[in-house]
Amino acid sequence: MTAPVFVVESLDGVGPGSVLTLDGPEGRHAVSVKRLKPGEDVVLTDGRGHGAAGRVLRTEGKDRLVVEPVEFPEEPEAAPRITVVQALPKGDRGELAVETMTETGVDAIVPWTAARCITQWKGDRGVKSLAKWRTAAREAGKQSRRLRFPDVADAAGTKQVAALLAAADFAAVLHEEGAQPLAAAELPAEGSIVLVVGPEGGVSPEELALFAEAGAKPYRLGRTVLRTSTAGTAATALLLGRTGRWS
């Protein structure tokens with residue numbers, strides 16, 4: 001079993017001889033839920049690619065963990081960078097999509113308010129929903145032992161998505177009709193890949209036309225039809241394998 005991962009605000013200036021204190025909600029989870037004891041291994045990360053791995057020196061109360069790091073692993077930015085534009089699913093399926101894409105290895109997630117989305121992020125609901133997506137990415141990053149968590153952007157409209165696609169080295173829209181297999185696409189070894197996952201009702205003809213103008217082509221994953229909440233994870237896995245990031 002690999003050492004559990006907990007998040008700290010910053011690891012700036014941390015090096016040999018440092019002693020770190022984990023407190024707040026993360027400290028409470030480590031002490032009261034995980035019940036970590038002195039001598040056990042632990043990894044602290046800022047979620048931005050930096051880590052501090054060591055052993056627990058002691059616990060203080062119910063929510064403070066004192067750690068002496070002895071190794072300082074780094075997780076560099078991966079190439080090519082994979083961004084999934086995820087249309088807003090119904091219910092809690094958005095959080096599920098974020099969770100599984102994070103565990104798989106996606107680098108960035110962009111919530112998309114597509115024309116055929118039933119769910120709409122407006123006002124306080126939008127703020128709360130975005131916060132839930134970001135929390136899901138953070139917790140899944142910890143669970144999967146990542147040091148660099150995926151960025152979860154603010155919700156984007158269709159024109160903003162088109163601009164992302166235009167700037168990508170490889171731009172794709174998951175679609176069924178007339179689409180070539182993503183497994184056969186020519187992918188870049190560096191740069192950025194942006195993949196659009198539409199809502200349950202599909203990407204509208206107007207959106208497809210706008211994305212095509214931005215340079216995005218339609219691709220399909222296979223013969224079966226996946227839910228919007230699982231398509232991004234399946235596509236990310238395929239891209240990670242084909243680009244050599246899973247080699």
Side-chain angles (χ1 to χ4, degrees), residues 77-98 100-102 106-137 149-180 182 185-188 190-221 225-236 238-239:
E77 292 190 22
R81 178 178 171 84
I82 299 174
T83 297
V84 173
V85 176
Q86 174 66 60
L88 306 181
K90 295 180 291 184
D92 60 0
R93 288 189 176 276
E95 294 154 59
L96 174 63
V98 171
T100 54
M101 284 192 285
T102 298
V106 76
D107 301 298
I109 300 167
V110 179
W112 174 35
T113 53
R116 294 177 176 173
C117 283
I118 296 175
T119 298
Q120 296 294 320
W121 284 6
K122 295 180 180 180
D124 289 343
R125 179 180 182 179
V127 173
K128 292 178 181 178
S129 296
L130 179 59
K132 287 180 179 180
W133 280 37
R134 288 174 172 164
T135 297
F149 301 163
D151 299 319
V152 179
D154 292 341
T158 298
K159 290 184 178 180
Q160 292 171 298
V161 172
L164 284 175
L165 293 168
D169 295 284
F170 177 83
V173 181
L174 290 187
H175 194 57
E176 298 174 52
E177 299 176 6
Q180 59 181 302
L182 186 61
E186 185 175 345
L187 302 175
E190 301 290 337
S192 64
I193 293 173
V194 178
L195 177 76
V196 175
V197 178
E200 300 290 358
V203 182
S204 73
E206 294 78 15
E207 290 166 337
L208 283 172
L210 187 61
F211 294 162
E213 289 179 11
K217 296 180 179 179
Y219 291 89
R220 56 180 169 81
L221 285 174
V225 177
L226 300 179
R227 283 186 177 272
T228 184
S229 54
T230 54
T233 300
T236 296
L238 175 62
L239 293 172

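Numbering of residues begins at 1 and proceeds along the displayed sequence.
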Open item on the list: Assess the residue pair V84 and V197 against the criterion (side-chain contact (heavy atoms from CB on, under 4.5 Å)); give the C-alpha distance rounded to whole Å, side-chain angles, the decisive distance to 0.1 Å, and a yes or no.
Closed with: CA-CA 7 Å; V84 173; V197 178; 3.8 Å; yes

Do any side-chain atoms of residues 159-173 form donor-acceptor pairs under 3.5 angstrom with protein atoms, and if so which ones, sequence neighbours left out?
| residue | atom | partner | partner atom | Å |
| --- | --- | --- | --- | --- |
| Q160 | OE1 | G157 | N | 2.7 |
| D169 | OD2 | S192 | N | 2.8 |

TODO: Please list, chain by chain and in numerical order, all residues satisfying side-chain contact (heavy atoms from CB on, under 4.5 Å) with T102, sequence neighbours excluded.
DONE: V98, I109, A137, A140, R146, P150

TODO: Apply side-chain hydrogen bond (donor to acceptor under 3.5 Å, both in side chains) to T113 and list each qualifying residue two or more places apart in sequence or on a separate chain.
DONE: none

Task: Option passing side-chain contact (heavy atoms from CB on, under 4.5 Å) with L174 (candidates V203, L221, V196, L226) - done: L221

TODO: Report the C-alpha separation of V152 and L130 in whole Å, then their side-chain angles, then the decisive distance to 0.1 Å, and conclude whether the side-chain contact (heavy atoms from CB on, under 4.5 Å) test is met.
DONE: CA-CA 8 Å; V152 179; L130 179 59; 4.1 Å; yes

Task: salt bridge (Lys or Arg N to Asp or Glu O under 4.0 Å) partners of R134, counting only residues at least two apart - done: D154

TODO: Check ring pair (Phe, Tyr, Trp, His ring centres under 6.0 Å) between F211 and all other residues, then give those that pass, not counting sequence neighbours.
DONE: W112

TODO: Look up atom NE2 in H175 and atom CZ in R220, then write down how far apart they are to the nearest 0.5 Å.
DONE: 12.0 Å

Task: E190 versus P80, closest heavy-atom pair with distance - done: O-CB, 3.6 Å

Open item on the list: If the condition is side-chain hydrogen bond (donor to acceptor under 3.5 Å, both in side chains), which residues does T236 pass it with, not counting sequence neighbours?
Closed with: none

TODO: Compare all side-chain heavy atoms of L239 with those of L187 and state whether any distance is below 4.5 angstrom.
DONE: yes

Task: E200: partners by salt bridge (Lys or Arg N to Asp or Glu O under 4.0 Å), with sequence neighbours left out - done: R227

Task: For P89, side-chain contact (heavy atoms from CB on, under 4.5 Å) partners two or more places apart - done: Q86, R93, W133, T228

Task: R81: partners by salt bridge (Lys or Arg N to Asp or Glu O under 4.0 Å), with sequence neighbours left out - done: D151

- [ ] First locate atom OG1 of T233, then atom CG of L96, and finally report the distance between them rounded to the nearest 0.5 Å.
- [x] 7.0 Å

- [ ] Output all residues satisfying side-chain hydrogen bond (donor to acceptor under 3.5 Å, both in side chains) with T83, sequence neighbours left out; order by chain, then residue number.
- [x] none

Task: Considering all heavy atoms, the nearest P111-A153 contact - done: CD-O, 3.2 Å

Task: Partner residues of K132 under the side-chain contact (heavy atoms from CB on, under 4.5 Å) criterion, sequence neighbours left out - done: E95

Task: Shortest non-hydrogen contact between R116 and P205, atoms and distance - done: NH2-CD, 3.5 Å

TODO: Indicate the atoms forming the closest heavy-atom contact of A78 with D107, along with that distance.
DONE: CB-OD1, 4.2 Å

Can you give each donor-acceptor pair under 3.5 Å made by side-chain atoms of residues 121-128, sequence neighbours left out, with the distance rounded to 0.1 Å?
none

